[in-house]
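For reference, the structure is listed below as structure tokens.
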Amino acid sequence: MKGEIKYSEIGIAGGRISAVRSSLSGGESRIDVPGGVILPGFVDPHVHFRDPGMTEKEDFLSGTAGAVHGGVTCVLDMPNTVPPVTDLDALLEKKSRIKNRAYADYGLFAAVTPGCNAGMMAPLVPGFKLFMGSTTGSILLNDDDEMASALRGIAAMGKRVSVHAEDDGMIRREPEKDCRDHLRNRPVEAEINAVRRLSRFKGMKMNICHNTNAESVAIAGESGFTTEVTLHHLFFEPDRFSSSEYKVNPPIRNTAVRDRLYRSFIEGKISMFGSDHAPHTLSEKSQDFDSAPSGIPGVETTIPIVMNMVRKNIIPLSQAVSMGSETPASSFGMKKGRIEEGYDADISVFDIRKFTNIDVRKLHSKAGHSPYGGWEAVFPDMVMVGGEIQIEGGEFCGDRFGKDVYGGNRG
């Protein structure tokens with residue numbers, strides 16, 4: 001039964017789960033898990049690994065190392081790299097560069113651009129990314145007619161579109177000195193209006209990324225869209241967290257807006273977690289606020305913090321698994337996110353009793369900083385990707401087993 005916790009033995013063959021029963025016999029080897037709970041590997045549907053073109057910030061080796069240490073066995077990487085993934089040649093070049101350089105499974109998004117050839121790229125990607133608001137990179141599409149044409153082509157291919165929903169026409173470019181100014185320049189109304197404009201595509205496979213307010217969540221839900229939330233939008237607000245460390249697009253919101261978003265989350269109205277892992281170097285983030293880039297790293301810390309919320313009975317384990325694994329996997333068409341026969345043997349084992357405080361020095365991102373330093377977290381004891389052990393006893397022991405889910409391998 002979905003969401004049920006029980007004793008089971010799991011058979012694995014060829015990178016997939018071959019059996020889930022109360023008792024299994026035979027097999028070449030056996031791994032006993034004396035403590036903790038065996039969960040499907042987590043899926044992060046929103047990372048920016050900066051590879052290629054900005055690898056001083058992150059690359060696929062460092063990014064996926066962080067992922068598996070956080071219990072994430074599959075990541076979906078965004079297209080605003082250098083060059084951006086706007087056509088088949090750029091997509092194939094990025095795939096070639098990354099092959100055999102990942103510790104977790106992955107998929108690569110393509111960008112929604114005017115006249116994009118969705119038919120050529122659709123079989124090779126988890127979905128397409130639409131940027132309605134300016135952010136890192138220059139892939140911007142905020143014209144209703146051009147969006148409609150592109151989205152119809154993507155819909156015909158059955159792929160989901162993930163959207164950075166901020167109406168660029170409502171974004172101001174005035175000087176900023178802190179997160180309060182950044183919020184002034186990128187008001188919540190820009191996000192709400194963008195989602196409202198998208199609602200005319202009701203029923204289309206669409207995912208609204210990094211929601212920051214309950215109204216957008218409600219409009220998206222009524223339109224049949226999936227929704228994604230980050231921890232930084234659930235926990236931070238600009239009066240207490242005002243430095244460039246917390247500068248991100250869309251911005252962290254004021255306390256009242258944040259608290260309503262948090263209620264929507266607790267009430268189960270948001271579909272999935274997404275870290276929006278967006279690393280920049282410490283020297284970049286240490287510039288004066290106006291010059292500092294927007295983005296917060298989080299692929300390694302999101303699920304451990306979520307599991308600490310389970311430990312503290314803030315959310316049930318079933319919600320953590322649904323939002324962190326089942327829903328992102330099913331939304332993007334992967335045979336992942338469940339411990340069932342025929343699904344990929346991606347597994348994370350957590351002992352909820354064992355928590356620690358996040359030590360930024362031990363994180364694997366090249367960014368070298370995190371706003372979550374010192375936070376309580378539950379990291380996985382064991383992580384398996386496609387039946388191969390990557391983390392055991394909390395320590396890395398694996399290799400570059402990660403595969404392109406949309407390139408003819410697992411998934």
Side-chain angles (χ1 to χ4, degrees), residues 1-10 12 17 20-24 30-44 65-74 103-104 229-231 234-235 262 265-266 268 272-273 275 298-328 336-340 345-364 370-385 387-398:
M1 182 182 298
K2 180 181 176 181
E4 182 180 1
I5 298 177
K6 61 182 180 179
Y7 176 83
S8 295
E9 296 188 357
I10 303 167
I12 297 172
I17 296 171
V20 182
R21 300 175 194 154
S22 58
S23 179
L24 294 172
R30 182 181 180 90
I31 301 171
D32 290 318
V33 181
V37 58
I38 301 172
L39 302 175
F42 287 87
V43 176
D44 192 331
V68 295
H69 279 85
V72 173
T73 55
C74 183
Y103 299 112
V229 73
T230 71
L231 295 191
L234 288 175
F235 291 122
Y262 189 85
F265 158 63
I266 292 295
M272 63 186 96
F273 296 111
S275 70
V299 70
E300 187 167 356
T301 51
T302 293
I303 296 305
I305 292 171
V306 168
M307 294 304 290
N308 191 62
M309 296 174 77
V310 173
R311 180 185 73 87
K312 298 173 76 171
N313 295 314
I314 296 171
I315 61 170
L317 180 60
S318 59
Q319 183 177 356
V321 173
S322 175
M323 292 183 64
S325 191
E326 292 173 356
T327 301
K336 295 180 179 291
R338 297 178 185 272
I339 299 180
E340 295 181 9
D346 299 343
I347 290 169
S348 295
V349 179
F350 288 83
D351 187 337
I352 302 297
R353 300 166 298 180
K354 293 165 58 177
F355 71 95
T356 187
N357 296 101
I358 294 172
D359 185 343
V360 175
R361 296 169 300 176
K362 294 182 179 179
L363 299 178
H364 295 80
S370 169
Y372 301 107
W375 285 44
E376 290 181 351
V378 179
F379 285 87
D381 286 336
M382 178 181 287
V383 176
M384 189 178 288
V385 177
E388 302 285 353
I389 296 176
Q390 294 286 50
I391 303 292
E392 188 168 22
E395 299 294 329
F396 182 76
C397 63

Anything under 3.5 Å between a donor and an acceptor, one on a side chain of residues 387-394, the other on a protein residue two or more places apart or in another chain? List them.
unit_1 : atom_1 : unit_2 : atom_2 : d
Gln390 : OE1    : Asp399 : N      : 2.8
Gln390 : NE2    : Tyr103 : O      : 2.7
Gln390 : NE2    : Asp399 : O      : 2.7

For the pair Asp346 and Val43, evaluate side-chain contact (heavy atoms from CB on, under 4.5 Å) and give the outcome as yes or no after the intermediate values.
CA-CA 10 Å; Asp346 299 343; Val43 176; over 6 Å; no
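- Scored by the side-chain hydrogen bond (donor to acceptor under 3.5 Å, both in side chains) test, Lys354 finds Asp381 as partners (sequence neighbours excluded).
- For the residue pair Ser325 and Gly41, the shortest heavy atom distance occurs at OG-O, 2.7 Å.
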Is there a side-chain contact (heavy atoms from CB on, under 4.5 Å) between Thr302 and Tyr372 once you walk through the steps?
CA-CA 9 Å; Thr302 293; Tyr372 301 107; 6.0 Å; no
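- Within the 4.5 Å cutoff, side-chain heavy atoms of Asn357 are placed close to those of Glu376.
- Using modelled atom types, one side-chain atom of Gln319 and one backbone atom of Phe265 make a donor-acceptor pair closer than 3.5 Å.
- Contacts classified as side chain to side chain donor-acceptor pair (under 3.5 Å) and involving residues 33-44 (residues at least two apart or in different chains) are given here: Asp44-Ser275.
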Stepwise side-chain contact (heavy atoms from CB on, under 4.5 Å) check, Phe273 with Val306:
CA-CA 9 Å; Phe273 296 111; Val306 168; 3.7 Å; yes
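- Among Val310, Ile314, Ile315, the single residue meeting the side chain to side chain contact (heavy atoms under 4.5 Å, CB included) criterion with Lys312 is Ile314.
- The minimum heavy-atom distance between Ile17 and Arg338, with the atom names listed, is CD1-O, 3.9 Å.
- Phe355 is linked by a ring pair (Phe, Tyr, Trp, His ring centres under 6.0 Å) to nothing, counting only residues two or more places apart in sequence or in another chain.
- Partners of Ser348 according to the side chain to side chain contact (heavy atoms under 4.5 Å, CB included) rule, which considers only residues two or more places apart in sequence or in another chain, are Phe42, Thr73, Phe350, Val383.
- Taking every heavy atom of both residues into account, Phe379 and His69 meet most closely at CD2-O, 3.5 Å.
- Partners of Ile38 according to the side chain to side chain contact (heavy atoms under 4.5 Å, CB included) rule, which considers only residues two or more places apart in sequence or in another chain, are Ile10, Val33, Ile339, Ile347, Val349.
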